[in-house]
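Written below as structure tokens is the structure these notes are about.
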Amino acid sequence: MVPYEALYGRKCRSSIGWFDVGETKLLGPNLVQQAVEKVKLIQEQLLKAQSQQKSYSDNRYQDLEFTMGDWLFLKVSPMKGVMRFGKKGKFIPRYIGPYQIIQRIIQVAYNLELPPELEVVHPVFYVSMLRKCLGDPSHITPIEYVQVTEDLSYEKVPIAI
């Protein structure tokens, strides 16, 4: 049973059967031809919309690929209500580093040379967690007072009471 029949207790009438017999003359092939033309128009419009969305997506897509020796920033995800490196609001750092690539595991996974403070974190990261360092790699963010856990989050530590 179709949902319409279950809901209303009668069969659903198609657009051809909306009129009683004798009330109007059946258009026959013209009615079917109009319905086919409308279906074709709808299909063309759907293909056009799909093509536009795909071209927009393709223009914005970029392959991330790094080479050995590149310097990369590592994405950290702070928990809600956490002290964000002493800064508040829109100035929270989302990346720490830079760190150098030791090895390319596969096309989308890289092994990084992490400092001893991050020894609890596994050194292999997916490309979505990395961002290329375009500046001078000597500007390294100090992380002595930041305790990063294995899942790359950190806890709130009060500085003063």
Side-chain angles (χ1 to χ4, degrees), residues 1-8 12 14-15 33-161:
M1 178 180 285
V2 294
Y4 186 89
E5 289 179 31
L7 184 62
Y8 296 106
C12 178
S14 66
S15 60
Q33 184 179 1
Q34 288 175 357
V36 169
E37 288 174 1
K38 288 182 182 180
V39 168
K40 284 183 182 178
L41 178 66
I42 291 170
Q43 286 176 341
E44 290 172 3
Q45 294 294 329
L46 285 173
L47 285 174
K48 181 180 175 184
Q50 181 183 16
S51 174
Q52 287 175 346
Q53 290 173 353
K54 185 180 180 328
S55 67
Y56 178 74
S57 174
D58 289 346
N59 286 341
R60 294 183 55 86
Y61 177 77
Q62 57 180 336
D63 266 342
L64 292 177
E65 195 166 327
F66 306 111
T67 58
M68 294 274 295
D70 280 351
W71 289 88
L72 305 173
F73 288 110
L74 180 60
K75 184 175 188 176
V76 291
S77 55
M79 297 180 297
K80 191 170 187 172
V82 171
M83 188 177 81
R84 295 169 173 89
F85 297 98
K87 298 177 184 174
K88 302 252 185 227
K90 62 184 178 181
F91 299 115
I92 15 175
R94 288 175 174 78
Y95 293 89
I96 58 172
Y99 305 111
Q100 194 169 19
I101 294 178
I102 299 174
Q103 176 187 9
R104 177 179 169 178
I105 308 299
I106 56 174
Q107 186 176 2
V108 293
Y110 295 91
N111 190 354
L112 299 182
E113 182 180 356
L114 297 177
E117 296 89 21
L118 295 176
E119 66 184 10
V120 295
V121 180
H122 194 273
V124 177
F125 298 96
Y126 189 73
V127 290
S128 66
M129 298 287 292
L130 306 172
R131 178 164 292 178
K132 190 163 186 163
C133 175
L134 300 175
D136 185 13
S138 64
H139 297 284
I140 297 176
T141 306
I143 59 168
E144 295 87 31
Y145 51 88
V146 179
Q147 301 294 327
V148 179
T149 61
E150 291 180 12
D151 61 348
L152 293 180
S153 62
Y154 49 91
E155 296 182 19
K156 182 177 180 179
V157 178
I159 295 175
I161 296 177

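Just so you know, these numbers use all the heavy atoms, side chains as well, and skip hydrogens, waters and symmetry mates.
Contact of the Ile102 side chain with the Gln100 side chain is not registered, since no non-hydrogen atoms from C-beta on lie closer than 4.5 Å. Side-chain contact between Tyr99 and Cys133 is absent, with no heavy-atom pair separated by less than 4.5 Å. Looking at Leu74 and Leu130, their side chains come closer than 4.5 Å, going by heavy atoms from C-beta outward. With contacts defined as side-chain heavy-atom distances shorter than 4.5 Å, the pair Ile101/Asn111 does not qualify.
Separation of atoms CG (Leu64) and CE (Met129) is listed at 13.5 Å; rounding is to 0.5 Å. To the nearest 0.5 angstrom, Lys48 atom NZ is 5.5 Å from Gln45 atom CD. Residue Gln103 holds its CD atom at 12.5 Å from CD of Glu113, rounded to the nearest 0.5 Å. Expressed to the nearest 0.5 Å, how far CG of Leu47 lies from CD1 of Ile42 amounts to 12.0 Å. We find the CD1-OH distance between Ile105 and Tyr126 to be 14.5 Å, quoted to the nearest 0.5 Å.
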Working note: Arg131 + Lys75, criterion side-chain contact (heavy atoms from CB on, under 4.5 Å); need CA distance, chi angles, decisive distance, verdict. CA-CA 8 Å; Arg131 178 164 292 178; Lys75 184 175 188 176; over 6 Å; no
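Of all the heavy atoms in Pro123 and Leu114, the pair that sits closest is CA-CD1, 3.9 Å. Summarising the geometry of Met68 relative to Arg104, their closest heavy-atom pair is SD-N, 4.0 Å, with the distance given to 0.1 Å.
Tyr110 places a side-chain N or O within donor-acceptor distance of the main-chain N or O of Phe66, the cut-off being under 3.5 Å.
Sparse packing is recorded around CD of Gln50, with 12 or fewer heavy atoms of other residues, nucleotides or ligands lying under 6.0 Å away.
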